[in-house]
A.B. asks: 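Mind having a look at this structure? Questions to follow.
So that the names make sense, note that chain A is the first sequence line, chain B the second, and so on, each numbered from 1.
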Amino acid sequence: MRTERIGDRGDLHRLAAQGLLYRTGPFVIRLQTRLREVTDTFARIYLGTEVLEDPRLAHFSVRVTASSPLRRPWGAQSQFWIDDIPPFEPYPRTHAFPLLEWGINWCIGTRAHRYLLLHAGALERGGRALLLPAMPGSGKSTLSTALAFRGWRFLSDEFGVILPGAATVAPLPRAIPLKNRSIQVIRDFAPEAVMGPVFEKTRKGDVAHVRPPHDSLARQLENAAPGWIVFPCFRAGGTTAVRTLPRSEAFTRLAQNSFNYRLLGERGFLDLTALVRACACFSLDFSDLDQAVAVIEDLASSA
Amino acid sequence: MSSHESAALTAWRQPTSVRRFTAEQWTDALWGAGQHRCLARLSYRIEDAGCANACPEPAWDLLTSARYYPNFLQVRVAREIRHLHRILRARGIDFVLLKGGAYLSAGFPFARGRGMNDLDLMVRRSALGEAEAALRAAGLVTATLNDYDQHYYRTWMHEIPPLHHPERGVEVDVHHRILPLTSRLNPAPEIMWADAVALPATPGVAILSPPDMLLHTATHLFYDGAILDGFRDLLDIDSLIATHAIAPDYWSRLLGRAASLELGRPLYYALYFARRILATPIPTATMEEAHARFAPGALVRPVMEHLVTRVLPPRPRAARAAPVSAWLLYLRSHWLRMPPGLLARHLGRKGLRRFASDSPAADWPPP
């Protein structure tokens with residue numbers, strides 16, 4: 001039987017109204033929405049992703065709805081639901097797609113504790129994963145996107161998904177939300193990147209989503225072994241500086257950049273230790289993307 | 001298997017039935033267990049039945065992912081127990097661990113995956129003041145409460161205002177009895193103390209005897225307002241019976257203790273609804289005796305049957321919630337906690353506060 005993929009038929013809207021089952025990395029999502037602006041952007045970003053057959057058990061059953069125009073004739077809102085519970089306050093209706101993406105990330109970050117979840121960009125080359133752990137605003141998404149268009153396979157811009165035992169990093173390729181000035185930076189850096197619409201004045205400023213490269217979505221079940229850990233830090237106008245990190249320091253900084261390290265208790269400690277031991281660890285200050293990509297290139301070919 | 005009950009119930013009662021679950025049944029079971037925050041407990045039940053491999057991958061992912069948070073809470077509670085033991089032992093104050101802390105310390109297998117948001121313990125009322133002073137001297141504090149709240153706890157309740165250590169975070173509820181001072185029922189704490197079972201590893205720390213443990217949970221569930229989110233307490237009742245009923249004199253002791261503690265009615269409800277909802281194995285003779293001695297009148301029984309079976313178990317995902325039944329049970333629980341005059345004053349006060357602060361009262365609406 002032929003596999004159906006997103007984009008094969010014109011009627012994703014009708015499918016999504018019923019419930020659209022698809023995979024994002026290790027997770028099966030059931031998305032139900034009647035909002036055409038959501039399905040349009042969704043179809044553009046996840047083009048070519050396999051549509052799974054229903055009925056099937058999903059990890060996360062999510063919905064995005066709009067407030068009734070009768071109840072709110074002005075300031076239309078959208079709401080994210082997981083298992084029939086709305087975990088957040090409503091967003092403006094125009095921000096329904098970013099809401100969907102953040103909502104699914106929230107579900108993963110607060111529930112998928114079978115994995116050690118790092119707050120990190122992740123890429124792969126030659127079967128080995130490069131992890132870019134950092135706090136928001138450090139240039140993690142921008143640098144991950146840049147590398148994705150310079151020969152690295154994009155795994156994630158947000159989650160380092162580490163399997164129990166820490167010998168494996170799982171891909172989680174999702175829409176890459178670029179914020180504010182990064183949008184233009186990536187347009188200049190990789191004009192071939194496909195981007196969704198710019199959502200203005202969201203809670204994180206202006207946001208536009210980059211579509212993960214085709215190869216990245218097609219190979220989203222192909223895991224990688226841990227290879228390198230680089231802590232990026234964007235400093236506008238600063239010089240590029242790279243430093244080898246002692247493993248103890250890398251461990252501490254990783255623990256601070258994890259969604260569930262504390263929660264996993266002893267297993268978190270063991271897995272994080274094993275991960276740090278398996279990787280070469282660096283910190284990287286950068287302001288110029290080309291230089292940052294070149295430095296990582298050097299690190300990856302020598303370490 | 002009937003479609004008008006949640007697959008979460010089916011999975012709990014008969015874990016091997018998950019081998020034949022369809023995708024829809026799994027979705028319903030995981031939703032129902034998730035609503036009642038018992039996914040982790042269900043995961044151990046399925047694993048103990050040798051059915052882990054029979055679960056589809058997303059189901060086993062979700063079931064095992066749910067284990068980490070309760071297990072994290074248990075580590076915190078175990079650590080808090082060690083601190084309390086050290087603090088209270090130095091003053092020679094004995095205490096009884098209640099509920100989750102007791103199950104954890106006793107090493108009951110069913111405690112695996114059980115969430116523990118707070119730590120309940122009981123001290124003798126004569127030692128209450130000194131226990132509170134000792135805990136405060138050791139750095140435990142009360143969350144800011146106004147004078148009315150302080151008065152409410154200290155005059156009418158069965159516990160002092162909750163304490164916690166700012167760095168350790170676990171809420172510690174120090175009880176001197178198991179029901180409010182104002183409650184309709186009046187189980188004497190001295191009788192429970194007399195039968196408490198010492199924990200050899202921690203001198204001065206005890207747990208309730210097996211029958212009293214069940215009576216406490218039954219009372220909490222049916223007489224102390226826990227019924228609106230009470231499915232996990234019903235699971236405790238089911239599990240406590242499975243743990244203790246192997247003792248030959250368990251059932252006769254249980255009925256006898258219920259009579260001497262004046263907790264016959266909550267015991268009747270616990271046995272009746274555990275059997276009705278979870279098919280807990282209870283000998284027919286015990287059930288008949290509990291019915292004859294402790295059951296409510298013929299007018300009340302069908303009403304409670306109607307309300308409890310709508311509110312207590314997980315509902316199928318496709319079924320509607322029963323907010324009116326929940327509201328009636330909420331009223332019943334308050335009715336049982338306080339005499340009518342006091343109840344009216346208390347609710348009036350809470351209503352005024354809600355009006356004044358424009359924020360909803362903490363315990364209404366029910367989840």
Side-chain angles (χ1 to χ4, degrees), chain A residues 18-19 21-32 52-63 81-87 104 106-117 159 161-165 170 172 221 258-272, chain B residues 6-8 11 18 20-37 39-40 43 47 52 54-79 112-113 115 167-169 229 314-321 367:
Chain A
Q18 300 289 311
L21 278 159
Y22 70 102
R23 219 174 227 295
T24 186
F27 309 108
V28 176
I29 312 281
R30 179 194 303 277
L31 164 64
Q32 203 246 312
L52 304 173
E53 269 183 90
D54 213 358
R56 183 188 170 114
L57 176 62
H59 288 87
F60 307 115
S61 295
V62 304
R63 285 190 294 143
W81 305 76
I82 166 80
D83 287 343
D84 304 332
I85 293 168
I104 293 175
W106 181 85
C107 294
I108 294 169
T110 53
R111 297 184 183 203
H113 302 311
R114 205 191 122 193
Y115 307 94
L116 172 63
L117 296 172
F159 289 104
V161 181
I162 315 297
L163 267 65
L172 184 57
L221 290 176
S258 168
F259 292 93
N260 59 359
Y261 169 73
R262 259 166 58 85
L263 200 60
L264 298 193
E266 185 182 7
R267 199 203 100 196
F269 176 79
L270 295 174
D271 283 359
L272 202 61
Chain B
S6 164
V18 303
R20 297 180 305 278
F21 267 18
T22 61
E24 286 97 335
Q25 282 174 302
W26 270 117
T27 303
D28 190 42
L30 295 172
W31 181 81
Q35 298 282 306
H36 289 270
R37 283 170 287 145
L39 278 166
S43 80
E47 186 170 66
C55 300
E57 174 221 313
W60 194 241
D61 264 11
L62 291 169
L63 286 165
T64 50
S65 289
R67 291 175 174 181
Y68 289 97
Y69 185 57
N71 289 345
F72 167 77
L73 294 176
Q74 291 192 6
V75 169
R76 297 199 328 162
V77 164
R79 184 175 54 200
R112 288 169 303 159
E167 281 162 24
R168 300 197 295 267
D229 190 21
R315 63 187 159 93
R317 193 171 183 178
R320 295 173 139 274

A.B. asks: For chain B, find which of A/Arg56, A/His113, A/Arg267 contributes the most heavy-atom pairs closer than 4.5 angstrom.
C.D. replies: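 Top option by heavy-atom pairs under 4.5 Å: A/His113.
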
A.B. asks: Pick whichever of B/Ser65, B/Ala23, B/Pro56, B/Ala66 has the most heavy-atom pairs under 4.5 Å with chain A.
C.D. replies: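 Of the options given, most contacts go to B/Ser65.
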
A.B. asks: With only heavy atoms counted, which part of B/Trp26 is less than 4.5 Å from chain A, the side chain, the backbone, both or neither?
C.D. replies: both

A.B. asks: Do B/Asp61 and A/Tyr115 come within less than 4.5 Å of each other through their side chains, counting heavy atoms only?
C.D. replies: yes

A.B. asks: What residues of residues 67-78 of chain B sit under 4.5 Å from chain A when only non-hydrogen atoms are counted?
C.D. replies: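 Within residues 67-78 of chain B, the residues that come under 4.5 Å of chain A (heavy atoms only) are B/Tyr68, B/Tyr69, B/Phe72.
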
A.B. asks: According to ring-ring contact (aromatic ring centres under 6.0 Å, His included), who are the partners of A/Trp81, at least two apart in sequence or on a separate chain?
C.D. replies: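 Here no residue qualifies.
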
A.B. asks: Got a donor-acceptor contact below 3.5 angstrom from the B/Thr27 side chain to the A/Leu57 backbone?
C.D. replies: no

A.B. asks: Counting only non-hydrogen atoms closer than 4.5 Å, does A/Arg262 touch chain B with its backbone (N, CA, C, O), its side chain (CB onward), both, or neither?
C.D. replies: both

A.B. asks: Using the side-chain contact (heavy atoms from CB on, under 4.5 Å) rule, take B/Gln35 and A/Asp84 through it: C-alpha gap first, then chi angles, then the decisive distance, then the call.
C.D. replies: CA-CA 10 Å; B/Gln35 298 282 306; A/Asp84 304 332; 5.7 Å; no

A.B. asks: Quick one: pull up NE2 in A/His59 and CG in B/Leu62 and give me the separation to the nearest 0.5 Å.
C.D. replies: 5.5 Å

